[in-house]
K.L.:
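Sending over a structure as structure tokens; questions will come in a sec.
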Amino acid sequence: MFIDPWSSQQFIDYNRLRREFGIEEFNFKLPDSQKLFRRNIIFGHRGFDTVYDAIVNHQKFAVLTGLMPSGKMHFGHKMTIDQVIYYQSLGADVYIAVADLEAYATRGKSFKETLKIAEEEYFLNYIALGLKPEHSQIYFQSLRKDVTDLAFIFSKRTNISEMKGIYGFKDETSLAHVESPLVQSGDILHVQLDKYSGPIPTVVPVGIDQDPHIRLAREFTRRVSFFSVQQTDNGLGIIEKKLLEIEKQEGGYGFYLPAATYHRLMSSLDGTRKMSSSVPESYISLSEEPAEVKKKMMNAKTGGGSTIEEHRKFGGKPEECSVYEYYVYHLVDDDNYLKEVHDTCKAGTRLCGNCKKEAIEKINLFLKDLKEKREIAKEELDKYVRFN
Ligand code: TRP
Ligand code: SF4
């Protein structure tokens, strides 16, 4: 098995993925946890123990994520920012990278285009969804020298053959493309420089497609550290913390090994692949018009029987239904009600037509409110966005 972060294949067997790539199962009990955590949508992690320790001991930690703006911001993207907002409520420093270097390298988008999409589509939604300005910053890869400097330093610690091995790069692959994962490592680790949060447990919430980048960033952390002590994944002991301090005093970075969590990816509305910004029929965007929401939902693939009679007799399959995904990931906070949707579907008493109507109403109500909040957010942008 091979993960290609730049393609849009769908991953289905998450347990197999976890086993093959050595990703740990996520079963931390977090305070006031959000539905994404309760419902196993966040299914795996690397090194989250350090972050968990910080959370339960009320110590500082950071959350960093990045976006490669392409087209509309949709419900799949919302999932990541929901997690960021949750961590912020627990006291995390928040960093959001606009991956304009990566978008240039891999999609041919100019920095200006990326800036425009990011501003028009993403930032306002982040704020409207509830991101607070305190201790949070949105920045651009192309404008933050600390990020690209780190990328350069990391590039000294790898070589072409390793990059080919991880990403399947060919002789024809542009060097900008080869560089973009190094920049992403720069994103992930620069938050631990003194100018930002300093050495600190950091969590990077991502979809499973980003795992190769995470492994690389963790590998670089080890390669630039002075001590070969394994930062184990069971959190840091007193000795490990002391060594990081010594490393720092001696002029090293003292980086904590960054942690990552992995969430399931929402599938496309026709159920055949993962949701993708380049395929408008595959998703519902956060600025979708009500009529369009209705149309897309009405066409969505369900797990219902092929006729009403069959559905009533054999019941539906919520686990194969792209409408149900919306209920689980976004539309229903109340676990009891979600169970009711699930059970009545399975029992065949909930019919797909009604179930879709209910989803459409919920989505449209949510989007109407979000739209109003985006208007207010326009005044707030300066508090979040950094141009350095
Ligand atoms: N590669 C990510 C994507 O394709 C974007 C990204 C850039 C990112 N830097 C990051 C994600 C740092 C997580 C952390 O969407
Ligand atoms: Fe999906 Fe609802 Fe139909 Fe069940 S009843 S298959 S959850 S649309």
Side-chain angles (χ1 to χ4, degrees), residues 4-8 62-70 73 76-77 80-81 83-84 95-107 109 114 118 122 138-142 144 147 150-151 167 177 180-191 202-214 216-217 258-263 265 269 271 276-277 297-306 308 310-312 314-328 331-332 338 340-360:
D4 176 357
W6 295 284
S7 92
S8 57
V63 55
L64 171 125
T65 191
L67 67 135
M68 185 152 57
S70 53
M73 177 164 173
H77 299 122
T80 311
I81 200 70
Q83 295 169 59
V84 169
Y95 296 85
I96 300 177
V98 180
D100 56 355
L101 290 180
E102 185 182 1
Y104 176 73
T106 65
R107 305 263 160 88
K109 285 232 182 336
T114 301
Y122 290 76
I138 301 173
Y139 71 91
F140 298 83
Q141 286 179 330
S142 67
R144 190 158 277 191
V147 167
L150 270 180
Y167 295 103
H177 195 154
S180 61
L182 301 169
V183 176
Q184 182 154 341
S185 290
D187 285 327
I188 293 173
L189 286 151
H190 91 283
V191 310
T202 307
V203 58
V204 185
V206 285
I208 181 67
D209 58 314
Q210 297 293 303
D211 187 48
H213 302 322
I214 299 295
L216 188 66
T261 61
Y262 301 93
H263 53 254
L265 299 168
L269 285 169
S276 155
S277 351
M297 267 287 149
M298 280 322 212
N299 287 329
K301 178 189 160 277
T302 71
S306 44
I308 291 194
E310 245 181 57
H311 187 83
R312 284 221 163 92
F314 302 112
K317 296 193 182 102
E319 54 297 325
E320 291 175 18
C321 176
S322 58
V323 179
Y324 187 66
E325 264 188 14
Y326 277 82
Y327 278 91
V328 179
L331 302 180
V332 176
L338 186 71
E340 189 184 319
V341 174
H342 178 271
D343 292 354
T344 51
C345 168
K346 268 198 128 55
T349 51
R350 168 177 276 266
L351 299 180
C352 295
N354 295 338
C355 188
K356 282 178 165 178
K357 269 193 205 119
E358 184 181 334
I360 292 165

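Just follow the structure's listing: the first ligand is 1, and inside any ligand the first atom is 1. One is the number of the first residue; the rest follow in order along the sequence.
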K.L.:
Heavy-atom contacts with Gln210 under 4.0 Å: which atoms of ligand 1 show up? List them by number with element.
P.N.:
1 (N), 2 (C), 3 (C), 4 (O)
K.L.:
Below 2.8 Å, can you find an N, O or S atom of Cys352 next to atom 4 (Fe) of ligand 2?
P.N.:
no
K.L.:
Would you please indicate if the ring centroids of His177 and Tyr167 are separated by under 6.0 Å?
P.N.:
no
K.L.:
Kindly identify the option in Leu64, Thr106, Leu67 whose heavy atom sits closest to atom 14 (C) of ligand 1.
P.N.:
Leu64
K.L.:
To the nearest 0.1 Å, how far is atom 6 (C) of ligand 1 from its closest protein heavy atom, and which atom is that?
P.N.:
Gln184 OE1, 3.6 Å
K.L.:
What part of Val206, side chain from CB on, backbone N/CA/C/O, both or neither, has a heavy atom under 4.0 Å from ligand 1?
P.N.:
side chain
K.L.:
Between Thr202 and Val63, is any pair of side-chain heavy atoms under 4.5 Å apart?
P.N.:
no
K.L.:
For ligand 2, which atoms have a heavy atom of Gly303 less than 4.0 angstrom away?
P.N.:
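Listed by number with element: 6 (S).
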K.L.:
Which atoms from ligand 2 have a heavy atom of Gly304 less than 4.0 Å away?
P.N.:
6 (S)
K.L.:
Look at the side chain of Lys109 and the backbone N and O of Pro69, then say whether any donor-acceptor pair between them is shorter than 3.5 Å.
P.N.:
no
K.L.:
If we only count heavy atoms from C-beta on, is the Val147 to Tyr139 side-chain gap below 4.5 Å?
P.N.:
yes
K.L.:
Name the option, out of Gln141, Glu102, His213, that contains the heavy atom nearest to atom 1 (N) of ligand 1.
P.N.:
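Shortest heavy-atom distance from atom 1 (N) of ligand 1: Glu102.
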K.L.:
Check ligand 2 against Cys355 and write out every atom of the ligand that is under 4.0 Å from a heavy-atom position of the residue.
P.N.:
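Here the atoms of ligand 2 in question are 2 (Fe), 5 (S), 7 (S), 8 (S).
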K.L.:
Nearest to atom 4 (Fe) of ligand 2, what protein heavy atom do you find, and at what distance?
P.N.:
Cys345 SG, 2.3 Å
K.L.:
I'd like to know: is atom 1 (Fe) of ligand 2 within the 2.8 Å range of an N/O/S atom from Cys321, strictly under that distance?
P.N.:
yes
